[in-house]
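Notes follow the structure.
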Amino acid sequence: MDTAIFTGVIPALMTPCRADRTPDFDALVRKAGELIAAGMSAVVYCGSMGDWPLLTDAQRMEGVERLVQAGYPVIVGTGAVNSAAAVAHAAHAQKVGAAGLMVIPRVLSRGNSPVAQRHHFKAILSAAPDLPAVIYNSPYYGFETKADLFFALRAEHPNLVGFKEFGGAKAMTYAAEQITSADDSVILMAGVDTGVYHGYVKCGATGTITGIGNVLPKEILHFVALAKAAATGDLDARQRARELGEALEVLSSWDEGTDLVLYYKHMMVLQGDREYTLHFNPTDELMPSQRVWAETQFRQFRTWYAEWSKLPGAVQKYRA
């Protein structure tokens with residue numbers, strides 16, 4: 001099973017919406033093209049960044065199909081309240097030619113049951129046996145996949161090729177120690193923007209799924225290139241990666257919170273992407289103080305990066 005689809009820098013696309021608060025798939029496809037052209041290796045749709053709980057199954061499938069038809073490599077999120085819906089999304093992804101799956105745990109009903117989760121994962125993996133898949137591990141889903149379950153699934157489903165870790169440094173370290181170090185063919189992905197440096201440098205991650213990369217693709221590609229170089233022992237890259245990671249700290253932290261889509265859509269609007277102005281729920285919006293905070297932090301980072309990237313060798317030596 002080819003794992004290459006999970007080894008690059010991959011933005012989790014947000015879903016823009018029209019004035020009537022229905023998905024704007026033309027804008028979705030256009031943004032995917034811009035991000036791929038900037039150097040991203042693939043896109044994810046529909047994870048939590050894509051507002052999967054707020055879209056109908058038909059809308060989600062239409063978004064996937066439009067992206068595939070446009071020729072972009074798409075990793076499809078399988079988040080759903082019930083296993084039957086998750087299976088339908090996985091089967092549809094394989095049918096239309098998606099490039100991979102992001103397998104999300106069962107939520108709400110029996111979400112903390114290892115037995116229920118095992119059957120849920122097996123159903124999704126069985127529905128798309130030709131698509132490489134990573135399990136999305138996140139404490140926010142109320143269930144953490146441990147090594148015993150991961151390898152039991154992998155023994156029966158060779159399309160399970162990796163692990164996307166959304167937890168903090170402790171969870172990432174566990175994944176590196178207990179999962180990817182036990183089988184060097186298993187992919188480890190840094191699944192949260194605050195985990196990029198730790199994931200690559202301390203845990204051997206070889207891919208990342210990013211939220212802030214929708215807004216700052218050039219800067220995140222630069223950050224990952226530095227982290228990859230730092231992981232090889234490059235002292236200069238290690239220092240620069242730590243500096244850039246610290247500068248990104250606040251913007252990246254929003255990827256961990258419940259308002260992540262609100263923050264990142266607002267920053268998209270600040271740089272001219274007006275199609276991200278609205279949300280699917282009219283009451284989903286940043287508070288005025290949050291908007292001021294976002295604008296201040298965004299402006300501060302861009303000013304800092306413009307000056308920092310002028311330093312000798314800061315950009316030229318390190319490319320994604």
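Since the model is a prediction, treat every value here as computed from it, not as a measurement.
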Evaluate side chain to side chain contact (heavy atoms under 4.5 Å, CB included) for Met102 paired with Ile209, printing each intermediate quantity in order. CA-CA 11 Å; Met102 190 167 67; Ile209 294 176; 3.9 Å; yes

Under the side chain to side chain contact (heavy atoms under 4.5 Å, CB included) rule, what do Arg299 and Arg302 come out as? Steps first, then yes or no, please. CA-CA 5 Å; Arg299 182 170 58 251; Arg302 296 187 71 172; over 6 Å; no

Tell me if a side-chain donor or acceptor on [X] pairs with a main-chain N or O of [Y] at a distance below 3.5 Å.
X: Thr206; Y: Ile187; value: no
X: Ser126; Y: Ala123; value: no
X: Asp51; Y: Met14; value: no
X: Lys265; Y: Thr15; value: yes
X: Arg60; Y: Gly50; value: no
X: Arg21; Y: His279; value: yes
X: Asp234; Y: Ala229; value: no
X: Gln117; Y: Arg106; value: yes

What's the spacing between [X] [atom1] and [Y] [atom2] if we round to 0.5 Å?
X: Ile212; Y: Ile220; atom1: CD1; atom2: CD1; value: 6.0 Å
X: Met189; Y: Thr180; atom1: CE; atom2: OG1; value: 13.0 Å
X: Tyr264; Y: Tyr276; atom1: OH; atom2: OH; value: 14.5 Å
X: Leu248; Y: Asp255; atom1: CG; atom2: CG; value: 11.5 Å
X: Ser309; Y: Arg240; atom1: OG; atom2: CZ; value: 10.5 Å

Parallel, tilted or perpendicular: which fits the ring planes of Trp304 and Trp308, with parallel below 30° and perpendicular above 60°? parallel

Heavy-atom neighbours of Arg242 CZ exceed 12 at 6.0 Å: no

Would you say that more than 12 heavy atoms from the other residues, nucleotides or ligands in this model lie under 6.0 Å from the NZ of Lys95, or not? no

State, without any angle test, whether [X] and [Y] hold a side-chain donor-acceptor pair at a distance under 3.5 Å.
X: Thr78; Y: His89; result: no
X: His266; Y: Glu285; result: no
X: Asp20; Y: Thr22; result: yes
X: Asn281; Y: Thr283; result: no

Leu13 and Leu67: CA distance, side-chain angles, deciding distance, side chain to side chain contact (heavy atoms under 4.5 Å, CB included) verdict: CA-CA 11 Å; Leu13 295 177; Leu67 290 163; 3.9 Å; yes

Is the shortest side-chain N to carboxylate O distance from Lys31 to Glu275 below 4.0 Å? no

Flag the pair Lys310 and Glu307 as a salt bridge only when some basic side-chain nitrogen lies within less than 4.0 angstrom of an acidic carboxylate oxygen. yes

For Tyr136, does the six-membered ring have the charged nitrogen or CZ of Lys164 within the cation-pi criterion, i.e. under 6.0 angstrom from the centroid and within 45° of the normal? yes

Decide yes or no on side chain to side chain contact (heavy atoms under 4.5 Å, CB included) for Tyr174 and Glu144, but give the supporting numbers first. CA-CA 11 Å; Tyr174 170 86; Glu144 293 196 57; over 6 Å; no

Which heavy atom of Met172 sits nearest to which heavy atom of Gly191, and what is that distance? CE-N, 4.5 Å

